[in-house]
Amino acid sequence: MERPALQAAMDLIPRIQALRDRTESRRCLTPLAEHLRRSRLGRMFVVQSLGGMEASPMEALEALEALAGVEASVSWVVWNNSLPCLLSRFLAPHARDAIFADPEGLYASSTRPSGQAVVTDGGYRLRGRWTLVSGCELADWIALLSPVHEADGQPRTHDGQPEQRFMYVRSADLRVIDTWHVSGLRGTGSHDVEAVDLFVPHAHTAAPGESTLDAPIGRMPIICVMAAAFAAQVIGMASAALTTVLQLAKTKASPDARPSLKDMPANQASVALHRSALAAARGHLHACVDSVWNKTVNAESVSLQEISAVWGAAMHAARIGRETLEAMFSVAGTTSLYTHCPLERAHRDLHAMLRHVVVQPHWLEDAGRVMFELEPQQPLFAL
């Protein structure tokens with residue numbers, strides 16, 4: 001079976017490796033921009049009729065895993081491209097066609113409900129500032145979540161809740177504010193962006209509702225698949241960490257009479273245990289995602305229990321991946337501290353990634369609530 005997303009990732013890896021130091025020092029992926037565009041990895045979840053890959057989530061997981069094993073900043077930006085693509089199912093078809101017309105387009109988003117979208121004739125006047133907009137310097141379009149306000153300044157409500165919409169705006173109409181001075185995920189260029197009284201036509205805004213995209217990627221659950229794709233990145237990083245330790249063991253000698261890295265029984269046990277745990281977590285994650293995808297392809301409804309299973313598998317895989325990477329960081333000893341060692345950057349990147357909302361405990365709590373036949377508390381749990 002052809003897997004174009006994975007092949008595109010593998011083709012991009014030599015470029016990522018060659019430019020790894022430059023993307024880190026510049027705090028962005030600009031040196032990789034043209035290669036990333038040509039790969040079309042930012043459009044894995046765009047339909048083929050618009051020049052996208054229309055990849056299955058399994059293909060996306062494999063591609064993200066491969067990228068993260070080499071450079072998490074690249075996989076992170078590709079992953080962040082996925083959300084505005086998936087949310088585009090809530091756009092009017094003509095607006096989606098316009099926004100995703102460029103077959104090499106790149107995207108970014110912010111799910112932080114910042115700013116203010118004031119209702120006006122034909123659309124909204126958007127103003128405000130959004131933080132942590134990964135890949136904003138590369139993006140052609142950025143989807144910004146904003147509360148909606150009436151012309152008199154009062155918040156608009158829907159079913160008693162504040163109305164929020166994603167505003168798809170051209171990045172050229174926003175101001176990028178250089179704020180991304182960090183340790184982990186440094187290459188993502190996750191700066192702030194600001195809108196100053198920007199008109200956004202109503203057709204270029206989206207809120208959860210009926211999908212206008214009649215394709216499997218227009219029906220599959222969005223947020224739990226994003227969580228699974230997050231976990232795939234951690235698995236990729238952990239797998240690379242295991243490989244790094246096994247390679248290091250071939251040359252690293254003990255500075256004194258103690259056994260070498262590969263001769264220590266504790267290290268031998270750690271490598272064996274974490275390799276097996278990682279493989280098991282990966283297999284379970286893929287099985288849960290594949291089950292949901294098959295339902296989607298067949299236009300069958302996906303139950304809350306099945307969505308809960310994906311959430312649980314994603315959170316579990318992310319935890320096992322984190323434990324594996326941290327264990328390998330320890331096994332490698334002082335070598336892990338040096339910037340020439342891949343474990344050093346992976347360790348920093350991982351701890352930055354773990355601050356993302358998609359891996360916080362409340363999702364797992366909701367997965368458990370569903371198992372007890374209770375309703376989830378998070379509004380986006382089943383989106």
- [ ] Determine whether the side chains of S114 and R129 contain a donor N or O and an acceptor N or O closer than 3.5 Å.
- [x] no
TODO: Flag the pair W76 / H356 as yes when their ring centroid distance falls below 6.0 Å, and as no otherwise.
DONE: yes
Open item on the list: Between R22 and E24, does any NZ, NE, NH1 or NH2 come within less than 4.0 Å of an OD or OE carboxylate oxygen?
Closed with: no
Open item on the list: Measuring centre to centre across the rings, with the benzene-like ring taken for any Trp, is Y107 within less than 6.0 Å of F100?
Closed with: yes
Open item on the list: Is it true that Q164 and H158 share a donor-acceptor pair across their side chains at a distance under 3.5 Å?
Closed with: no
Task: Note, R112 side chain near T131 side chain (heavy atom, < 4.5 Å) - done: yes
Open item on the list: For a side chain to side chain contact (heavy atoms under 4.5 Å, CB included) check, start with the C-alpha distance between M226 and L86, then their side-chain angles and the critical distance, and finish with the verdict.
Closed with: CA-CA 10 Å; M226 289 294 293; L86 289 169; 4.0 Å; yes
Open item on the list: Any non-hydrogen side-chain atom of L174 less than 4.5 Å from a side-chain atom of V196?
Closed with: no
Task: Criterion side chain to side chain contact (heavy atoms under 4.5 Å, CB included) on H191 and R27, from CA distance to verdict - done: CA-CA 10 Å; H191 302 292; R27 298 176 294 118; 3.6 Å; yes
Open item on the list: Quick check for you: to the nearest 0.5 Å, what is the distance between F45 atom CZ and L87 atom CG?
Closed with: 12.0 Å
Task: Value rounded to 0.5 Å, distance of CE in M328 from OG1 in T243 - done: 10.5 Å
Open item on the list: Using side-chain heavy atoms (C-beta onward) and a distance below 4.5 Å, is M315 in contact with V359?
Closed with: yes
Open item on the list: To the nearest 0.5 Å, what is the distance between CG on N267 and OG on S330?
Closed with: 8.0 Å
Task: H347 ring center within less than 6.0 Å of F329 ring center - done: yes
Task: S336-E344 side chain donor-acceptor pair, cut-off 3.5 Å - done: no
Open item on the list: Tell me whether D159 contacts the main-chain N or O of Q161 through its side chain, where contact means a donor paired with an acceptor under 3.5 Å.
Closed with: no
Open item on the list: Just checking R348: does its CZ atom have more than 12 heavy atoms from other residues, nucleotides or ligands closer to it than 6.0 angstrom?
Closed with: yes
Open item on the list: Is there a continuous path of hydrophobic side-chain contacts, each under 4.5 Å between heavy atoms, that joins I177 to V193?
Closed with: no
Open item on the list: As an exercise, state the distance from OG of S75 to CG of L67, rounded to the nearest 0.5 Å.
Closed with: 6.0 Å
TODO: Flag the pair E59 and R3 as a salt bridge only when some basic side-chain nitrogen lies within less than 4.0 angstrom of an acidic carboxylate oxygen.
DONE: no
Task: Salt-bridge criterion met for D290 and K295 (N-O under 4.0 Å) - done: no
Task: S211 side chain vs G218 backbone, donor-acceptor pair below 3.5 Å - done: yes
Open item on the list: Is it the case that the side chain of W363 and the backbone of V357 share a donor-acceptor pair, with hydrogens and angles ignored and the cut-off at 3.5 Å?
Closed with: yes
TODO: State, with a plain yes or no, whether a side-chain heavy atom of Q378 is found less than 4.5 Å away from one of H362.
DONE: yes
Open item on the list: Donor-acceptor check, side chain of H274 to backbone of S270, threshold 3.5 angstrom: yes or no?
Closed with: yes
TODO: Give a yes or no on this: more than 12 heavy atoms of other residues, nucleotides or ligands lie within 6.0 Å of atom CG of D197.
DONE: yes
Task: Qualifying residue, where the test is side chain to side chain contact (heavy atoms under 4.5 Å, CB included) with V234 and the options are E65, R319, M353 - done: M353
- [ ] Go through the side-chain N and O atoms of D192 and T179 and say whether any donor and acceptor fall under 3.5 Å apart.
- [x] yes
Open item on the list: Within the 3.5 Å criterion, strictly below it, is a donor on S303 or E306 matched to an acceptor on the partner's side chain?
Closed with: yes
Open item on the list: For S88, is there any backbone N or O sitting under 3.5 Å from a side-chain donor or acceptor partner on R96?
Closed with: yes
Task: Modelled atom types, side-chain donor and acceptor of R219 and T296, under 3.5 Å - done: no
Task: Flag, side chain of R156 to backbone of E163, donor-acceptor distance under 3.5 Å - done: no
Open item on the list: Looking at E104 and R37, is any side-chain nitrogen of the basic one under 4.0 Å from a carboxylate oxygen of the acidic one?
Closed with: no
Task: Any side-chain heavy-atom pair of R15 and L32 under 4.5 Å - done: yes
Task: Partner of P57 under side chain to side chain contact (heavy atoms under 4.5 Å, CB included), chosen from V289, V292, I217 - done: V289
TODO: I would like to know whether M220 and R89 meet side chain to side chain contact (heavy atoms under 4.5 Å, CB included); could you show each step before the answer?
DONE: CA-CA 10 Å; M220 74 177 184; R89 71 176 64 173; 4.1 Å; yes
- [ ] Determine yes or no for a side-chain-to-main-chain donor-acceptor pair under 3.5 angstrom, with T205 supplying the side chain and H202 the backbone.
- [x] yes
Open item on the list: Looking at E373, I want to see if its CD is surrounded by more than 12 non-hydrogen atoms of other residues, nucleotides or ligands under 6.0 Å.
Closed with: no
Open item on the list: Any non-hydrogen side-chain atom of S190 less than 4.5 Å from a side-chain atom of T188?
Closed with: yes
Task: ILVMFWY network linking L248 to L337, side-chain heavy atoms under 4.5 angstrom - done: yes
Open item on the list: Keeping Q268 on the side-chain end and K262 on the backbone end, is there a donor-acceptor pair under 3.5 Å?
Closed with: yes
Task: Residues H181 and D178: side-chain donor-acceptor under 3.5 angstrom - done: yes
Open item on the list: When you compare the side chain of I142 with that of S110, does any pair of heavy atoms fall below 4.5 Å?
Closed with: no
Open item on the list: More than 12 heavy atoms of other residues, nucleotides or ligands under 6.0 Å from CZ of R38: yes or no?
Closed with: yes
TODO: Go through I307 and V310 one step at a time and tell me if the side chain to side chain contact (heavy atoms under 4.5 Å, CB included) criterion holds.
DONE: CA-CA 5 Å; I307 290 172; V310 174; 5.8 Å; no
Open item on the list: So if I apply the ring-ring contact (aromatic ring centres under 6.0 Å, His included) rule between H204 and each of F166, W141, F90, which one comes out positive?
Closed with: W141
Task: Cluster link L36 to V133, ILVMFWY, side chain under 4.5 Å - done: no
Task: Ring geometry between W311 and F381 (parallel below 30°, tilted from 30 to 60°, perpendicular above 60°) - done: parallel
Task: Main-chain N/O of R20 paired to T23 side chain as donor or acceptor, under 3.5 Å - done: yes
Open item on the list: For Q116, is there any backbone N or O sitting under 3.5 Å from a side-chain donor or acceptor partner on Y124?
Closed with: no
TODO: Evaluate whether atom CE of M264 has more than 12 neighbouring non-hydrogen atoms of other residues, nucleotides or ligands under 6.0 angstrom away.
DONE: yes
Task: Nearest-0.5 Å distance, CG of residue L374 to CG of residue L304 - done: 11.0 Å
TODO: Could you tell me the separation between the CZ atom of F199 and the CE atom of M167, rounded to the nearest 0.5 Å?
DONE: 10.5 Å
- [ ] May I ask you to test the R26-P31 pair for a side-chain heavy-atom distance under 4.5 Å?
- [x] yes
Task: D263 versus S260, side-chain donor and acceptor atoms under 3.5 Å - done: yes
Task: Joint cluster assignment, L354 & V182, ILVMFWY side-chain distance < 4.5 Å - done: yes
Task: V70 reachable from L246 in the ILVMFWY side-chain graph, under 4.5 Å edges - done: yes
TODO: Would you mind checking if R43 and E54 are paired as a salt bridge, meaning a charged N to carboxylate O distance below 4.0 Å?
DONE: no
